[in-house]
Colleague: 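Take a look at the following structure, please.
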Amino acid sequence: MIPTVWRFRGPVYYYHSDDPLLLKDTLQHLDMPSYRAQRVGVPMLAFFASKVFGMDWVSPSVYFIVSVSLLLIATLVMSNFLVVKGYSPYSALLWSAGGSALYTVAFGFVDGSADALLITSIILYLNKKQLLYIIVASLAVLSKESYIIIPVIFGFISFVLFIIECINKKYKFSIVSIAKLVSPHIVPVLIAIAWQAYLYIHVPKSMYMNTTGAGMLGAPFVDAVNYMISSFNGVTVLTIGDSLKRVHPLYRLGLGLLLFIITIIYFLFFSVKNSISEFKKREINDYASTGLIVSLLFLSVIYSCLGKIQVWEPVGFVKAISVLIAIYIIYQANAGGKLSPIILVTSALLSIYSFVVIYDRSSASSVTVTNATTQWEESEPMCLKSANASVELISLNLAYSDTMINRLIMPKRYIATVKITNKSDHPLSPFKGKGTTNAGYQWFSSDASTLMFDGGRVPLPRTLLNGESEEVSF
């Protein structure tokens with residue numbers, strides 16, 4: 001495989017936050033543009049927060065302040081809800097110290113922030129705060145497109161149960177009553193559809209129809225079980241275009257997938273059983289509770305079908321299951337049920353698992369740039385004017401001592417050192433600000449299929465003028 005090491009963009013969602021409506025060149029710097037651009041909610045909030053702070057761009061600090069604030073607000077709202085229902089507020093930690101929240105803070109993802117918005121909106125709905133529910137639910141569906149399922153289910157369940165009760169003569173049929181029940185859920189759905197329509201019109205069709213994300217769903221549990229078994233054998237294989245063999249620390253991926261499968265199976269049985277009992281109640285005051293358990297069922301079915309893209313690497317499936325844990329806890333508190341020991345144990349273990357994954361990733365790079373000086377540029381150039389540079393591979397070595405013990409317990413990780421030469425008339429500079437230039441990498445197979453779209457980034461050690469060179473290690 002051949003590494004190419006010249007990358008100029010930051011994390012996709014952070015980059016999007018400086019251009020929420022995609023009016024600049026953002027689309028050219030997003031992998032899977034139509035997929036990434038769907039999740040405009042958190043970038044949009046970061047954009048507005050920067051304006052509140054009087055800034056003309058979104059700094060990394062503002063982006064993370066917004067993300068962490070959403071997580072804290074949702075944790076407080078959920079904790080207060082649990083206390084009112086007679087439950088321990090610490091149960092909220094099963095979500096807020098879990099995978100999606102941790103990965104959001106560690107890697108700048110939007111999943112935990114989207115979960116936070118969804119959790120807050122659900123509790124607002126259960127507390128009959130309809131206007132706030134509409135606002136927060138709209139932000140939730142704009143932050144993670146799949147969460148449109150929740151208002152759709154809530155609205156559909158409310159409509160169906162009300163019609164059944166009217167047929168049974170328990171309630172008098174009224175268009176006004178139906179409108180009051182359904183309208184709060186229609187608004188977030190319409191907003192999500194409007195944003196999709198905007199993307200369809202605004203994004204070039206070649207980008208909108210991009211199929212890079214194919215493989216995110218498959219047959220129930222098939223890919224999860226296959227990858228669990230292969231990980232227990234020491235190797236996991238992801239096939240996109242060509243075959244990529246990735247070796248994880250022995251059993252780690254398999255253990256995570258085992259916890260994932262156990263939790264999903266429990267949620268499937270639990271949600272089917274309780275959906276039946278909720279429909280038997282058919283009380284107008286329980287429409288929200290019924291919608292909640294049906295949502296848990298629907299999402300559990302979807303997540304049981306996670307495909308190879310989501311299950312070959314720990315971050316994907318752990319992020320997905322976090323929101324199910326939160327919905328389960330909220331439902332049980334609202335219905336007066338007890339939290340299952342199975343979920344308490346698997347949730348706690350998945351949180352520990354996420355800490356281990358984050359520690360492994362964040363402590364992976366032992367590379368430092370010697371004699372580097374980060375400079376301030378007062379004018380803060382908006383964009384790099386030329387990216388004409390040559391990249392020469394100097395060395396590729398294992399990141400750790402090649403001993404038998406390390407081969408058994410360490411991920412297969414290498415340090416690549418490259419020589420970068422500026423061939424343009426414009427300087428390439430490690431400024432702190434809008435014009436920062438970093439070096440990054442992608443992985444390609446021998447037939448030029450992309451295997452890893454975006455790797456880590458390393459700042460240049462100094463400003464490179466025309467013809468000047470420096471070595472950078474990854």
Colleague: Over all heavy atoms of both residues, which pair between Leu350 and Gly256 is shortest? Give the atoms and the distance, please.
Modeller: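 Scanning both residues, the minimum pair turns out to be CD2-O, 4.3 Å.
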Colleague: Heavy-atom distance under 4.5 Å between the side chains of Leu253 and Val311, does that happen here?
Modeller: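 Side-chain contact under 4.5 Å: no.
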Colleague: Distance check, rounded to the nearest 0.5 Å: Leu142 atom CG versus Ile191 atom CD1?
Modeller: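 The CD1 atom of Ile191 is 6.5 Å from CG of Leu142, to the nearest 0.5 Å.
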Colleague: Within a strict 4.5 Å, meaning less than it, do heavy atoms of the His202 and Leu21 side chains meet?
Modeller: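 His202 does not reach Leu21 side chain to side chain.
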Colleague: On a heavy-atom basis, which atom in Ala37 and which in Trp195 lie closest, and how many Å separate them?
Modeller: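 The answer is O-NE1, 3.0 Å.
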Colleague: I'd like a table of donor-acceptor pairs (distance under 3.5 Å, sequence neighbours excluded) in which one partner is a side-chain atom from residues 129-138, with atom names and distances.
Modeller:
{"unit_1": "Tyr133", "atom_1": "OH", "unit_2": "His185", "atom_2": "ND1", "d": "2.8"}
{"unit_1": "Ser138", "atom_1": "OG", "unit_2": "Ile134", "atom_2": "O", "d": "2.6"}

Colleague: Please assess Ile119 against Val77 for the test side chain to side chain contact (heavy atoms under 4.5 Å, CB included), listing each intermediate value before the final yes or no.
Modeller: CA-CA 9 Å; Ile119 290 165; Val77 169; over 6 Å; no
Colleague: Do any N or O atoms from the side chain of Asp18 and from the backbone of Trp57 form a donor-acceptor pair under 3.5 angstrom?
Modeller: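 No.
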Colleague: Quick one, Leu259 with Val318, criterion side chain to side chain contact (heavy atoms under 4.5 Å, CB included). Give me CA distance, side-chain angles, the key distance, then yes/no.
Modeller: CA-CA 9 Å; Leu259 291 171; Val318 176; over 6 Å; no
Colleague: Looking at Ser146 and Tyr303, what are the two nearest heavy atoms and their distance?
Modeller: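 Shortest heavy-atom contact: OG-OH, 4.4 Å.
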Colleague: Can you check whether Leu70's main-chain N or O pairs, donor with acceptor, with Ser113's side chain at less than 3.5 Å?
Modeller: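 No.
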Colleague: Does atom NZ of Lys51 have more than 12 heavy-atom neighbours, drawn from other residues, nucleotides or ligands, at distances under 6.0 Å?
Modeller: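 Atom NZ in Lys51 is packed in, count exceeds 12.
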Colleague: Is the closest side-chain heavy-atom distance between Gln332 and Phe270 below 4.5 Å?
Modeller: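 With C-beta onward as the side chain, the pair touches.
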Colleague: Do Ser300 and Ser271 have side-chain atoms, one donor and one acceptor, less than 3.5 Å apart?
Modeller: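 Their side chains do not contain a donor-acceptor pair, so the 3.5 Å distance test is not met.
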Colleague: Using 0.5 Å steps for rounding, measure from the OG atom of Ser354 to the CG atom of Leu349.
Modeller: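 Here the rounded value is 11.0 Å.
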Colleague: Considering only heavy atoms from C-beta outward, does the side chain of Phe317 approach that of Ile321 to under 4.5 Å?
Modeller: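 Side-chain contact under 4.5 Å: no.
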Colleague: Does Trp95 use its side chain to pair, donor to acceptor, with the backbone of Ala101 at less than 3.5 Å?
Modeller: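 Not a single qualifying donor-acceptor pair exists.
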Colleague: To the closest 0.5 Å, what do you measure between CD1 (Ile193) and CD1 (Ile148)?
Modeller: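 Interatomic distance, Ile193 CD1 to Ile148 CD1, rounded to 0.5 Å: 5.5 Å.
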Colleague: Begin from the C-alpha positions of Tyr266 and Tyr328 and carry the test side chain to side chain contact (heavy atoms under 4.5 Å, CB included) through to its verdict.
Modeller: CA-CA 11 Å; Tyr266 177 85; Tyr328 167 79; 3.6 Å; yes
Colleague: Determine whether Leu181 and Phe159 make a side-chain contact, defined as any pair of heavy atoms from C-beta on separated by less than 4.5 Å.
Modeller: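 The answer is no, as the side chains (C-beta and beyond) never meet within the 4.5 Å cut-off.
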Colleague: Tell me yes or no: between the side chains of Ser322 and Asp115, is some donor less than 3.5 Å from an acceptor?
Modeller: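 No - no donor-acceptor pair under 3.5 Å links their side chains.
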Colleague: What are the two closest heavy atoms between Leu82 and Ala333, and how far apart are they?
Modeller: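 Nearest pair, atom of Leu82 first, then Ala333: CD2-CB, 3.6 Å.
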Colleague: Do Val105 and Val68 come within less than 4.5 Å of each other through their side chains, counting heavy atoms only?
Modeller: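 With C-beta onward as the side chain, the pair touches.
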Colleague: Could you give me the CA-CA distance, side-chain angles and deciding distance for Leu118 and Lys144, then say whether side chain to side chain contact (heavy atoms under 4.5 Å, CB included) is met?
Modeller: CA-CA 9 Å; Leu118 181 67; Lys144 197 167 185 178; over 6 Å; no
Colleague: Does Tyr198 have more than 12 heavy atoms from other residues, nucleotides or ligands lying within 6.0 Å of its OH?
Modeller: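 For Tyr198, atom OH is crowded (more than 12 foreign heavy atoms under 6.0 Å).
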Colleague: Side chains of Phe221 and Ile265: closer than 4.5 Å at any heavy-atom pair?
Modeller: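 They are in side-chain contact.
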Colleague: If you count every heavy atom of other residues, nucleotides or ligands that lies below 6.0 Å from Phe48 atom CZ, does the total exceed 12?
Modeller: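 No, not enclosed.
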Colleague: Give, for atom CD1 of Ile330 and atom CD1 of Ile325, the distance between the pair rounded to the nearest 0.5 Å.
Modeller: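 These two atoms lie 12.0 Å from each other.
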Colleague: Evaluate the salt bridge (Lys or Arg N to Asp or Glu O under 4.0 Å) criterion for residues Lys24 and Asp19: first the C-alpha distance (whole Å), next the side-chain angles of each, then the deciding distance (0.1 Å), finally the verdict.
Modeller: CA-CA 7 Å; Lys24 302 176 185 177; Asp19 182 22; 5.6 Å; no
Colleague: Taking atom CD1 of Ile123 and atom CG of Asn127, what is their separation to the nearest 0.5 Å?
Modeller: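 If I round to the nearest 0.5 Å, the distance is 7.5 Å.
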Colleague: Assess whether atom NZ of Lys85 is packed by more than 12 heavy atoms of other residues, nucleotides or ligands within 6.0 Å.
Modeller: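 Atom NZ in Lys85 is crowded, with more than 12 foreign heavy atoms closer than 6.0 Å.
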Colleague: Nearest heavy-atom pair of Pro220 and Cys305: which atoms, and what distance?
Modeller: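 Taking every non-hydrogen atom into account, CG-SG, 3.7 Å.
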Colleague: I'd like to know if the side chain of Tyr63 reaches the main chain of Gly108, judged simply by a donor and an acceptor atom lying under 3.5 Å from each other, with no hydrogens or angles considered.
Modeller: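 Here the side-chain-to-backbone pair exists.
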Colleague: May I ask you to decide if Leu76's main-chain N or O and Asn80's side chain share a donor-acceptor pair within less than 3.5 Å?
Modeller: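 Answer holds: no.
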Colleague: Are side-chain heavy atoms of Ile358 and Tyr103 found at a separation under 4.5 Å?
Modeller: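 A side-chain contact under 4.5 Å exists here.
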Colleague: What closest approach, in Å, do Met78 and Ala326 show between heavy atoms, and which atom pair accounts for it?
Modeller: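 Heavy-atom minimum between the residues: CE-O, 3.9 Å.
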Colleague: Find the distance between CD1 (Ile153) and CG (Leu292) and round it off to the nearest 0.5 Å.
Modeller: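 CG of Leu292 is found 10.0 Å from CD1 of Ile153.
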